[in-house]
Amino acid sequence: MTTPPVATLPVATLQNYIGGRREDSAAGAFGDLVDPASGELVARRPVGCAEDVDRAVAAATAAQPGWAAVSSDERIGRLERVADTVATHAGELAELQCREMGKPVGLGRTFIENGVAMLRGALADARSYPFDTVTAHDDGSSSRVLRHPLGVTAVITPWNFPVLTVLIAIGPLLAAGNTVVLKPSERSPLSTGRLVELLDLPAGVLNLVHGDRRAGAPLSSHPDVGLVRFTGSVAAGREVGASTGRGLHRALLELGGKDPVVVDAGVDPVATAHAVAFGAFMNSGQICTSMERIYVHRDVAEEFVSALCAAAAGYTTGDGRDEQTVLGPLVDRRQRELVEQQVADAVARGATIRAGGTTPSGPGCFYPATVLTDVDDAMLVMTEETFGPVAPVQVVESWEDGLARASRSAFGLAATVYTHDPAHAAEAASIPAAVTWVNQWQGGGAGMVCEPARDSGMGATGGHATYDAATRPSTVYVAAS
Ligand code: NAD
């Protein structure tokens with residue numbers, strides 16, 4: 001059965017959402033949002049501006065004391081109802097994501113449900129977080145540590161997981177008593193716009209300004225914004241970090257990656273190849289933690305590569321509304337051109353295309369699941385983030401060689417190793433990354449805390465660390481009487 005098409009929906013003209021009301025952008029200018037599978041016009045999106053940001057920050061500032069005055073129990077309860085609402089509307093939001101950036105509807109629904117689970121996990125962490133603790137000292141004095149909200153915070157998100165990235169970011173900020181101004185990506189504004197309206201939070205607690213960097217830059221440098229939680233590219237992250245630094249405000253920067261995989265001798269090459277295909281091709285490779293550099297031990301390389309090519313053939317491209325589709329289009333032509341350039345650079349320098357590698361003719365921004373071999377460390381496909389369904393495989397002579405190459409990168413987001421050797425599994429912790437997965441790609445759960453290494457970002461999140469970032473501690477010391 002296929003998902004009913006939503007292409008018959010009228011072309012929406014999007015508006016900002018400020019102080020609980022929709023309103024037009026002061027800029028008065030619009031950009032087109034186009035369905036990357038069909039090329040059809042989906043929406044007109046406002047090109048937000050500094051004036052919109054000022055209005056949203058003012059609304060968030062006005063709402064913040066009231067929101068902070070609500071007991072944390074009540075705030076968390078309200079946000080738990082938000083999680084319920086998103087779960088109820090997961091299908092509708094997944095269809096909007098498919099229209100705006102091509103993600104297959106089934107996959108999109110799964111990730112929205114994951115986002116809801118992560119939001120619930122963060123709210124459970126809030127219930128156990130020490131917002132207000134008193135320590136009595138032996139001499140009769142006491143110290144009270146209070147965790148204050150920062151005030152108005154900003155959330156700036158990318159297009160690859162438009163709903164998930166918002167849920168992860170706003171939950172802890174709001175639970176801690178902050179208010180939020182959200183600026184979603186200009187390449188995926190539809191689902192986030194709908195999400196914000198659905199949540200039914202008090203006016204001004206969660207505001208949304210549409211637009212590109214012309215709205216993002218004034219938001220991240222706004223003097224009344226105490227923290228910017230930014231998810232996006234390294235280049236934009238550097239700009240955000242520079243402005244928050246100038247304002248002496250906080251930034252949580254969750255940026256790009258070029259994640260390595262090390263496949264050790266002794267593993268099942270076919271099963272591992274299928275796992276790697278999933279890690280490299282899922283969401284058309286448009287995941288910050290996609291597998292983008294694959295180092296495979298010579299002992300298993302031949303069987304691994306054939307199985308990876310066979311697996312790639314199963315990743316059929318198509319419109320994400322068709323349930324048979326595994327690989328939707330890339331988000332837009334700009335992204336597809338970047339992938340084409342990296343593959344062309346690799347081929348020009350001696351790489352071999354073993355699967356895919358040819359842009360299909362016809363409408364839509366499709367690109368096939370691609371396997372490259374004979375790659376080397378200097379090729380763009382091994383150094384720059386690709387964000388496409390491309391699996392470059394380099395054969396290594398030893399585990400140590402694979403581990404050393406995995407660690408040699410400007411990025412440090414995540415890494416995966418497949419090994420049956422417990423000593424090798426332990427050594428995987430030496431790869432500079434926020435998270436290292438052993439014998440599985442993705443996963444974490446309660447208790448996970450991490451901070452990206454190198455250019456992949458800064459600021460720890462997960463568990464109580466997210467609340468440490470979302471609050472400012474102060475101590476009241478009372479002398480013994
Ligand atoms: P991008 O940096 O182009 O844009 C991200 C957001 O920042 C958008 O909303 C954009 O409008 C805004 N923006 C751009 N320039 C800005 C500036 N100077 N100041 C303020 N805001 C600005 O990234 P993208 O192409 O939308 O997303 C893909 C990138 O996001 C990839 O690099 C990917 O790895 C990364 N990403 C990281 C994570 C993570 O958790 N580490 C998760 C998802 C995506």
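Both counts, for ligands and for their atoms, begin at 1 and track the order of listing.
- Stacking of Arg44 on the aromatic ring of Phe30 is recorded, both the 6.0 Å distance cut-off and the 45° axial limit being met.
- Listed by number with element, the atoms of ligand 1 under 4.0 angstrom from any heavy atom of Ala236 are 2 (O), 14 (C), 15 (N), 16 (C).
- Atom 17 (C) of ligand 1 has its closest protein heavy atom at Arg213 CB, 4.0 Å.
- The shortest contact between atom 36 (N) of ligand 1 and any protein heavy atom is with Cys288 CB, 3.6 Å.
- A cation-pi arrangement, defined by a distance under 6.0 Å to the six-membered ring centre and an angle within 45 degrees of its axis, is present between Lys103 and Phe161.
- Remark: the Ser220 side chain and the His249 side chain contain no N/O donor-acceptor pair separated by less than 3.5 Å.
- Contact check for Pro158 versus Thr165: side-chain heavy atoms found under the 4.5 Å cut-off.
- Put simply, the side chain of Val225 does not reach to within 4.5 Å of the side chain of Leu227, judged on heavy atoms.
- Of the protein's non-hydrogen atoms, Glu385 OE1, 3.3 Å is the one closest to atom 31 (C) of ligand 1.
- By the neighbour-count criterion of 12 heavy atoms within 6.0 Å, atom CZ of Arg336 is densely surrounded, having more than that number from other residues, nucleotides or ligands.
- With ring centers used as reference points, Trp437 lies 6.0 Å or more from Tyr418.
- Closest to atom 35 (C) of ligand 1, if we only count protein heavy atoms, is Gly232 O, 3.2 Å.
- Side-chain N/O atoms of Asp52 and Ser25 include a donor and acceptor closer than 3.5 Å.
- Near Glu254, with a cut-off below 4.0 Å to any heavy atom, the atoms of ligand 1 are 37 (C), 38 (C), 39 (C), 40 (O), 41 (N).
- Within 4.0 Å of atom 15 (N) of ligand 1, at least one protein heavy atom is present.
- Proximity to Val240 (heavy-atom distance under 4.0 Å) selects the following atoms of ligand 1: 19 (N), 20 (C).
- Proximity of Thr231 to ligand 1, defined as any heavy-atom pair under 4.0 Å, is shared by backbone and side chain alike.
- Taking distance alone, with nitrogen or oxygen atoms compared against 3.5 Å, Leu255 approaches ligand 1 more closely than that limit.
- Looking at Thr165 next to ligand 1, no N or O pair under 3.5 Å apart turns up.
- Considering only non-hydrogen protein atoms, atom 12 (C) of ligand 1 sits nearest to Ile156 CG2, 3.7 Å.
- Ligand-side atoms of ligand 1 in range of Asn160: 43 (C), 44 (C), range being under 4.0 angstrom from any heavy atom.
- Closest protein heavy atom to atom 2 (O) of ligand 1: Ser233 OG, 2.6 Å.
- Contact check for Thr231 versus Ile156: no side-chain heavy atoms found under the 4.5 Å cut-off.
- Atom numbering of ligand 1 starts at 1 in the shown order; those under 4.0 Å from a heavy atom of Pro184 are 9 (O).
- With respect to atom 11 (O) of ligand 1, the closest heavy atom belonging to the protein is Glu186 OE1, 2.7 Å.
- The residue from Ser188, Ala217, Gly211 that puts a heavy atom closest to atom 19 (N) of ligand 1 is Ala217.
- Taking every heavy atom of Glu239 and a limit of under 4.0 angstrom, the matching atoms of ligand 1 come to 18 (N).
- At a cut-off of 3.5 Å, with distance as the only test, a side-chain donor of Arg147 or Tyr129 sits close to an acceptor on the other residue.
- Interface atoms of ligand 1 facing Gly216, defined by a heavy-atom separation under 4.0 Å, are 19 (N), 20 (C), 21 (N).
- For a threshold of 3.5 Å applied to N or O pairs, the pair formed by Thr157 and ligand 1 contains at least one separation below that value.
- Contacts of Phe161 with ligand 1, taken as heavy-atom pairs under 4.0 Å, are absent altogether.
- There is no side-chain donor-acceptor pair under 3.5 Å between Lys258 and Ser456.
- Taking atom 33 (C) of ligand 1 as the reference point, the nearest protein heavy-atom neighbour is Phe387 CZ, 3.4 Å.
- For the 3.5 Å distance criterion, the side chains of Thr461 and Glu451 fail to qualify, holding no donor opposite an acceptor.
- Within the listing of ligand 1, atoms 25 (O) sit less than 4.0 angstrom from a heavy atom of Arg187.
- More than 12 heavy atoms of other residues, nucleotides or ligands lie within 6.0 Å of CZ in Arg408, so this atom counts as buried by the packing criterion.
- When heavy-atom distances to ligand 1 are checked against a 4.0 Å cut-off, Leu413 comes that close only through its side chain, counted from C-beta outward.
- No side-chain donor-acceptor contact under 3.5 Å links Glu100 and Ser188.
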